[in-house]
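Working notes for the structure below.
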Amino acid sequence: MTTPIQLPAENLAAPIELLDRDGSILAFNERVLDWAKRPEVPLLERLRYLCIVSSNLDEFFEVRADLHMAAFRNNDKKGVYNLKTFEAVFEAARNLVTEQYSLYNEVLLPSLEKAGIRILSHGDRNEAQKKWVKDYFRREVKPLLVPVGLDPAHPFPQVANKSLNFIVQLSGKDAFGRTNDIAIVKVPRVLPRVIPLPSKVSGKGSCFVLLSSVIRSHLADLFPGRHVGQFSQFRVTRNSDLSVDEDEVDNLRTALRKGLQHRQYGQALRVEVSDSCSDYLSEFLLNQFKLPPTALFRAAGPVNLVRLSQLIDLVADPALLFPSYQSSFPKQLSQGASVFARMQEGDVLIHQPFESFDGVLAFLKEAVEDPHVLAIKQTIYRTGSDPAMMSLLKEAVRRGKEVTAVVELKARFDEEANINWAEQLESVGAQVVYGVVGLKTHAKMLLVTRREGRSLKRYGHLSTGNYNPRTAKLYTDLSYLTCDARITADMDTLFVHLASPSKLGRMNKLWAAPFQLQKKMVEKIESVGAAATKGQSARIVAKMNSLTDPVLIQALILAGQKGAQIDLIVRGACMLPAGLVGLTDNIRVRSIIGRFLEHSRVFFFEAGDVQDIYLASADWMTRNMTRRVELAWPVEELALRQRIIDECLLAYLHDTRNAWTLEPDGKYRRVEKKGQKPKSAQSLLMQKYALGNQKIR
């Protein structure tokens, strides 16, 4: 699937059509689903990957599908989003869903049963189990259900985004002699979706029932005096992008909080129904939500596979999970020793999750407890609900330090959590600001100002990932601690810009978006291309989550056509078509899908005798370059540069276990080395940090 976007022919051998972004996102989820197919992966982890794909698809429809649906409604046959892309994207998503349920029914359910874990449908339950389920329904479920029979006085109810519901066709007449034949049952989210049966009725192993099955088996109890005919589970996915005109609101936080109340009821984009749902009921739902038949998805099982993740927590059998991995304390730091003192000796690199986020917390804790520290400034994008950092910042305020928090209220799906952070910090006296109007603050930085003798010294932390202790255990990221005066001065300059309407001051070492980051990256790529034309060493290795910015893509293609050798490690969406004869022969793209989510952004440029390494908060996406506040910073210490090359670039370029390559036809294929034992970069790094600083072999 391709998009009409073409790079201009100027300076290129020929116009190049880019790969479709949304098709690439769905292809990424196919690679994630591959983990659920692997028999060597522990069984509950395979189920977890299945749930992850469903969660990713939910977000895809919530965020990306509206653009294609709008093209359909407008009958748009041209443009980036058009009738063809609408059909192609929905068809690709449908194929992925079909594959999910096939895997769930034909492989995972039988494997779970062999492991002594059974999910019982009504027909599978014995009499004792049916009696227990019936009692559970009457005691725990029925009191919370309010079925709505549709008539002029009872219109179709508001159905929340991604909520579980039932549609029921009834025969006979109601208490008032009316023949209304359609009823809707909304299922409250407070009810657990996976219910364990007690040992007295489960028999051997562990038995579970799904809430949807419990309700389905007892629908007749909700409609006394009526006959229940056709019925189906259903679930609607809605557009969940919050649209707030920052120039038109007095208080962004208040406006966003109001917007969150309406997010659950945005434009419908997809309806999921049971596989057995009749055409009559499915057409009724499509008409109700004003959707075309293409937006109907039939589920050969529970309509929300995401909720099956509850089963993983309920079973919690270590034998069916990945072996637990304990991150080591950062090798460059010593527990209990001063982080400030160590930073004075040189910069510190923390490779998460192989090294723990505890090193970052130790830095902040020391800043809070040190009486010589006067001020702490931090950006907050996705911090999650972990109270550790919040407690430290509150304590800093209590101890009389100046605390400034730049809270990004528009971090998608984290808006409410960040609003709560802002309110809690303000309540204790911290200075809370929301960044620059019209831009998301995505840069990750923490700056500490400390009095040392008669002068002030700054200590900084920069990161490719978020200040979230939970995801720091699941995502690969690089944290960077430095007291380099030029870098920390740049950080302070950016904080001043975020907190006030002043223009961004002169930067010494940092590159910031939307100001000069894209331009500087293009210049680096062009310098490599220029070196190639001179016959000098010319190499680019870039690791990121997504590559979708046409400006940077064009620069890469041009450098490759001049002879530069380019390796791109792109986890998710990539619009650059690699390996096209005569066009992108010198560009190779690979994607690593592992146990941990690859999240670090690393950029290596070699132009003749000059080698540069930059770390960044930004992917190479247009939004990161033009609509967000982002940072990239150089790594200059030789030991740290080599460590990044070894661990973040070379290890992944030699991965033969979890790597996929993008082929000239636009499809991804697993990397396989016949006759060789597969190598996993993540596994090797886990071993390395478990055993100490040993060279990766």
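Everything numeric in this text was worked out from a predicted model, so none of it was measured. Computed from heavy atoms alone, side chains included, the values below leave out hydrogens, waters and symmetry copies. Index from 1, following the sequence.
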I want to check something: taking the side chain as every heavy atom from C-beta on, are [X] and [Y] in contact at a cut-off of under 4.5 Å?
X: I540; Y: E606; result: no
X: V541; Y: I645; result: no
X: L305; Y: Y101; result: yes
X: S24; Y: L19; result: no
X: Q100; Y: V97; result: yes
X: I566; Y: L568; result: yes
X: M625; Y: L517; result: yes
X: L321; Y: R48; result: yes

Considering residues at least two apart in sequence or located in another chain, which fulfil the side chain to side chain donor-acceptor pair (under 3.5 Å) criterion with S328?
none
S537: which residues meet the side chain to side chain donor-acceptor pair (under 3.5 Å) condition with it, sequence neighbours left out?
none
Can you find a side-chain donor-acceptor pair between [X] and [Y] that sits under 3.5 Å?
X: Y81; Y: D76; result: no
X: D477; Y: Q352; result: no
X: Y668; Y: E30; result: no
X: Q676; Y: T656; result: no
X: H599; Y: T476; result: no

So, is the end of the R571 side chain (NZ or CZ) under 6.0 Å from the ring centre of F28 and within 45° of the ring's axis?
yes
Within 45° cone and under 6.0 Å: K543 NZ/CZ vs Y652 ring:
yes
So does [Y] get a backbone contact from the side chain of [X], meaning a donor-acceptor N/O pair under 3.5 Å?
X: Q518; Y: V551; result: no
X: S680; Y: S683; result: yes
X: N95; Y: A92; result: no
X: Q611; Y: A607; result: no
X: E637; Y: D347; result: yes
X: N82; Y: G79; result: yes
X: R595; Y: Q682; result: no

What's the spacing between [X] [atom1] and [Y] [atom2] if we round to 0.5 Å?
X: M575; Y: L662; atom1: CE; atom2: CG; value: 12.5 Å
X: I644; Y: L650; atom1: CD1; atom2: CG; value: 12.0 Å
X: M521; Y: K519; atom1: CE; atom2: NZ; value: 14.5 Å
X: T98; Y: E91; atom1: OG1; atom2: CD; value: 8.0 Å
X: S546; Y: I25; atom1: OG; atom2: CD1; value: 7.0 Å
X: F357; Y: S479; atom1: CZ; atom2: OG; value: 6.5 Å

Decide, yes or no, whether a salt bridge links [X] with [Y] under the criterion of side-chain N to carboxylate O below 4.0 Å.
X: D567; Y: R539; result: yes
X: E647; Y: K688; result: yes
X: D619; Y: R601; result: yes
X: R623; Y: D549; result: no
X: R94; Y: E99; result: no
X: D490; Y: R486; result: no
X: R64; Y: E59; result: no
X: E355; Y: R643; result: yes

With sequence neighbours left out, write down each residue that passes salt bridge (Lys or Arg N to Asp or Glu O under 4.0 Å) with [X], or none if nothing qualifies.
X: D358; answer: none
X: R31; answer: none
X: K509; answer: D484, E636
X: K444; answer: none

Least distance between heavy atoms, M343 atom then V348 atom
CG-CG2, 4.5 Å
Could you tell me how the ring of Y689 sits relative to the ring of H351: parallel (under 30°), tilted (30 to 60°) or perpendicular (over 60°)?
perpendicular
Name the orientation class of the two ring planes belonging to F90 and F86 (parallel below 30°, tilted from 30 to 60°, perpendicular beyond 60°).
tilted
Does R470, at its CZ atom, have more than 12 non-hydrogen atoms belonging to other residues, nucleotides or ligands within less than 6.0 Å?
no
Is the [X]-[Y] ring centre distance short of 6.0 angstrom?
X: W35; Y: Y49; answer: yes
X: F596; Y: F322; answer: no
X: H461; Y: Y467; answer: yes

Knowing that exactly one of L580, I16, L583, L552 qualifies, which makes a side-chain contact (heavy atoms from CB on, under 4.5 Å) with I557?
I16
Any chance you could lay out the side-chain hydrogen bond (donor to acceptor under 3.5 Å, both in side chains) test for K473 and S327, step after step, and finish with the verdict?
CA-CA 8 Å; K473 298 177 182 178; S327 302; over 6 Å; no
Does the pair T548 and W620 meet the rule for a side-chain contact (heavy atoms from CB on, under 4.5 Å), with working shown?
CA-CA 6 Å; T548 61; W620 281 2; over 6 Å; no
